[in-house]
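A quick write-up on the structure given underneath.
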There are 2 protein chains.
Amino acid sequence: MARQRPGDSGAPTMRDVADRAGVSTMTVSRVLKEDARVSEATRRRVLAAVDALGYRLNATARSLRLGGSGMIGLIVTNLANPFYSRLALGVQEVASQHGLSMLLSNTGEELERERGLVEDLASRQVAGMIVVPAGGSHSHLTPAALRDMPVVLASRPPSGMAADCVLVDDFGGARDATAELIARGHRRIGFLGNPPAIHTGAERYRGYRAAHEAAGLEPDDRLVRRGLTDVATAERAARRLLAPESPESPASPGSPESREGAREPAPDAPTALFCTNNRLTQGAIRAVRALDVPVALAGFDDFDLADILGMPLTIVSYDADEMGRQAARLLVDRINGGPAASRPPRRTVLPTHVIRYGPE
Amino acid sequence: MARQRPGDSGAPTMRDVADRAGVSTMTVSRVLKEDARVSEATRRRVLAAVDALGYRLNATARSLRLGGSGMIGLIVTNLANPFYSRLALGVQEVASQHGLSMLLSNTGEELERERGLVEDLASRQVAGMIVVPAGGSHSHLTPAALRDMPVVLASRPPSGMAADCVLVDDFGGARDATAELIARGHRRIGFLGNPPAIHTGAERYRGYRAAHEAAGLEPDDRLVRRGLTDVATAERAARRLLAPESPESPASPGSPESREGAREPAPDAPTALFCTNNRLTQGAIRAVRALDVPVALAGFDDFDLADILGMPLTIVSYDADEMGRQAARLLVDRINGGPAASRPPRRTVLPTHVIRYGPE
DNA sequence: CTGTTAGCGCGTTCAT
DNA sequence: ATGAACGCGCTAACAG
């Protein structure tokens, strides 16, 4: 009862089915592929044997023979971010429509991990991959590195190479949301941004500035905080912007961050904040709630319950599922379209729209 | 320049490397596997050839030879639910620690789709799979159907078969949260539940009842709504429970659901609601906000910003990432432990804890 | 230390 | 309408 050969799982092979049905493996193969040129009688015998043995086609062997695995890879930076889980759902939807399975991995924004995962996907002969690049070099994603295996970048554009990509209108969304704040009379608008090295961080900052310029305003650099990465850092930054008398340098070591309660904002404090993503917006919300100051918030990325927080909130929204679907469509086109080098890369930009939540 | 044989992607094979290095493929294989018994000189020549050719090992061929793909499958019902995306992240974390890649698919709670996906995974020779079963029959997950391929169920227990599984303490969590409401003086506690046919729907309802019994109370069946599936249905159910004078049957066809505004709750309306999952809790929150009635809420599943909604909220929380990690560990144990039938199935139950949010 | 042999399970080509 | 032979790229088992 021990395993005979390595890799023998005991599962019946096409050979077993063929023997039982009294035909050759070729005939079994034809039946399974629904090839018409098989007599109804043998066809039935084969299917009966398949059923009796519980035979299942070995996709690995098939892939080896055919030179393609029928899988695509998806690499995201952070699946815990609802944005990326929606993206994944969109990718999966289109992929499965085309009979492709999805290998999904998470990088945690680590370039080295991304490199390893890309290697693994390539080694597994995926038909192509969709990558949300962690940032830094894209050298491991070039056609040269991947032998023209199709690659689509999502959320962030290729740098130093050509590739299909799907982006959101980061600039326009940030500009529109900021303009909305300006239209509501705000003149001192703070900026809570993710790292400028990340594409969204740069573009959304550009949008923030553009809205100011269009209104003949100059943003006050002292209200700008960039390089924020999570809820906690954003909350801290927001607190400091909104309550400058809380010393940046720890003057009173007794109660570091705890001097809360309703207070007047400082005279030069911002009257509104623009945040470049959902985590930063949440940090800002916490700060505003804790300090109880009347500040208007605007931010990128919609989120659940934004409408019932009971505070004025301007949100830049877009369709993350659709982004996944578009990325997958670009990829499938590329897969079915011959060598990747044959056509120029396409870039899709998803529209954003501004939503206004909360009390007037 | 056309492709010669089907499946010839033009990628160099081990043979090419061997030729260039003037050795046999076996030696190349040894070098790549870091087999010690290779002289440093040839080793270097081989690596040089690998580098020059941009050779990459073909994982498909390797899998065929070895009889295992180095992948595991994960099938969830709804990746858009943060709970399952965290689960996926936990699974991936442990999987990658063991050098396993993750094939992820979504069923949308459709049994037929689940069946197809399980077939596909089995066909791809995954080392094992973790499944959040959509409900209904589990016949496609039995050892017989899968030839003893390891399976771990997550979130919902096996029915009509034996299998490892990881669950949350649905009963205890619901009981504790309900008890908390009772301890705060609530006597009329409404129940908004997901379908009783789903394991969590049944267990959490049991917990709700158990808390009542433990306090010598009998829940009023008129306050119980089961079979709710999303935010919208939950909100509607909550509205009707909280404002019974809004007719269940449309008496005034003019303004169906729009008679809102602050109002007194009906005398026999519930003073608190227990909701069995995050979507239902959100529906209840919307109803409470819209009707502006003083109702305490309790619900399963923690969510972002729950703490700053400014309403009393009792949440049953648990670690979804950890659930994924545990499931993956069970699976890896099973994979490494020989035939699945050899040891009795294990069941892990994740603890829950009750969090109290909001004013008070 | 290195090479030769012999497949893993399937699909394709060519013959019958 | 059916089958025999061959090979996809890799590696375990044995030489030597």
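Chain identifiers are assigned alphabetically (A, B, ...) following the order of the sequence lines, protein sequences preceding nucleic acid strands; residue numbering begins at 1 within each chain. All values derive from a computational prediction rather than experimental measurement. Every heavy atom of this structure was used, including side-chain atoms; hydrogens, water molecules and symmetry mates were not.
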Reckon [X] touches a base, only the sugar-phosphate, or nothing at all at heavy-atom distances under 4.0 Å?
X       : answer
B:Ser24 : base
A:Met26 : base
B:Thr60 : nothing

- Message: Report for the helix from C:dC1-D:dG16 to C:dT16-D:dA1: angle between first-end and last-end helix axes, five pairs each, rounded to 10 degrees.
- Response: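 Taking the rotation axis at each end, their angle is 40°.
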
Is [X] close enough to [N] that one of its side-chain N or O atoms is under 4.0 Å from OP1 or OP2 there?
X       : N      : answer
A:Thr42 : D:dT2  : yes
B:Lys33 : D:dA12 : yes
B:Ser29 : D:dC10 : no
A:Thr25 : C:dG11 : no

- Message: Please tell me whether B:Arg124 and A:Thr60 have a donor and an acceptor in their side chains that are separated by less than 3.5 angstrom.
- Response: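 No donor-acceptor contact under 3.5 Å links the two side chains.
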
- Salt-bridge contact A:Asp16-A:Arg20 (side-chain N to carboxylate O under 4.0 Å):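 No, this pair does not count.
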
- Note: B:Asp164-B:Arg346 ion pair, threshold 4.0 Å (strictly below):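 No, this pair does not count.
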
N/O to N/O distances under 3.5 Å, protein versus nucleotides 14-16 of chain D:
none

Quick one: [X] [atom1] to [N] [atom2], roughly how many Å, whole number?
X       : N      : atom1 : atom2 : value
A:Leu64 : C:dC10 : CG    : P     : 12 Å
A:Asp19 : D:dG3  : CG    : P     : 11 Å
B:Glu40 : C:dT2  : CD    : C1'   : 16 Å
A:Met14 : D:dA4  : CE    : P     : 15 Å
A:Leu66 : C:dG9  : CG    : C1'   : 12 Å
B:Leu32 : D:dT11 : CG    : P     : 8 Å
B:Asp16 : D:dC8  : CG    : C1'   : 13 Å
A:Arg15 : C:dC10 : CZ    : P     : 11 Å

If I compare all heavy atoms of [X] with all of [Y], which pair ends up nearest, and what's the gap?
X        : Y        : value
A:Gly135 : A:Arg156 : N-NH1, 4.3 Å
B:Thr107 : B:Thr77  : OG1-CA, 3.3 Å
B:Ser24  : B:Ala18  : C-CB, 3.7 Å

- Message: Could you go through A:Ser85 and B:Tyr84, starting from their C-alpha distance and side-chain angles, then the distance that decides it, and tell me whether this counts as side-chain contact (heavy atoms from CB on, under 4.5 Å)?
- Response: CA-CA 9 Å; A:Ser85 51; B:Tyr84 292 116; over 6 Å; no

- Criterion side chain to side chain contact (heavy atoms under 4.5 Å, CB included) against B:Ser101, the qualifying member of A:Asp120, A:Leu121, A:Leu104: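 Checked A:Asp120, A:Leu121, A:Leu104 against B:Ser101; only one passes side chain to side chain contact (heavy atoms under 4.5 Å, CB included): A:Asp120.
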
[options]: which one has an atom nearest the side-chain heavy atoms of [X]?
X       : options               : value
B:Arg65 : D:dT2, C:dG9, D:dG9   : D:dG9
A:Arg62 : D:dA12, C:dC10, C:dG3 : C:dC10
B:Leu57 : C:dG11, D:dG3, D:dT11 : D:dT11

- Message: Quick check for you: to the nearest 0.5 Å, what is the distance between B:Asn106 atom CG and B:Leu117 atom CG?
- Response: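 One finds 8.5 Å between CG of B:Asn106 and CG of B:Leu117.
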
- With nearest nucleotides of DNA chain C determined for B:Thr27 and B:Ala61 from heavy-atom distances, which residue corresponds to the more 5′ nucleotide?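 Its nearest nucleotide lies further toward 5', so the answer is B:Thr27.
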
- Item | Check: B:Arg325 side chain, B:Gln92 main-chain N or O, donor-acceptor pair, under 3.5 Å |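 No, because the side chain of B:Arg325 does not come within donor-acceptor range (under 3.5 Å) of the backbone of B:Gln92.
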
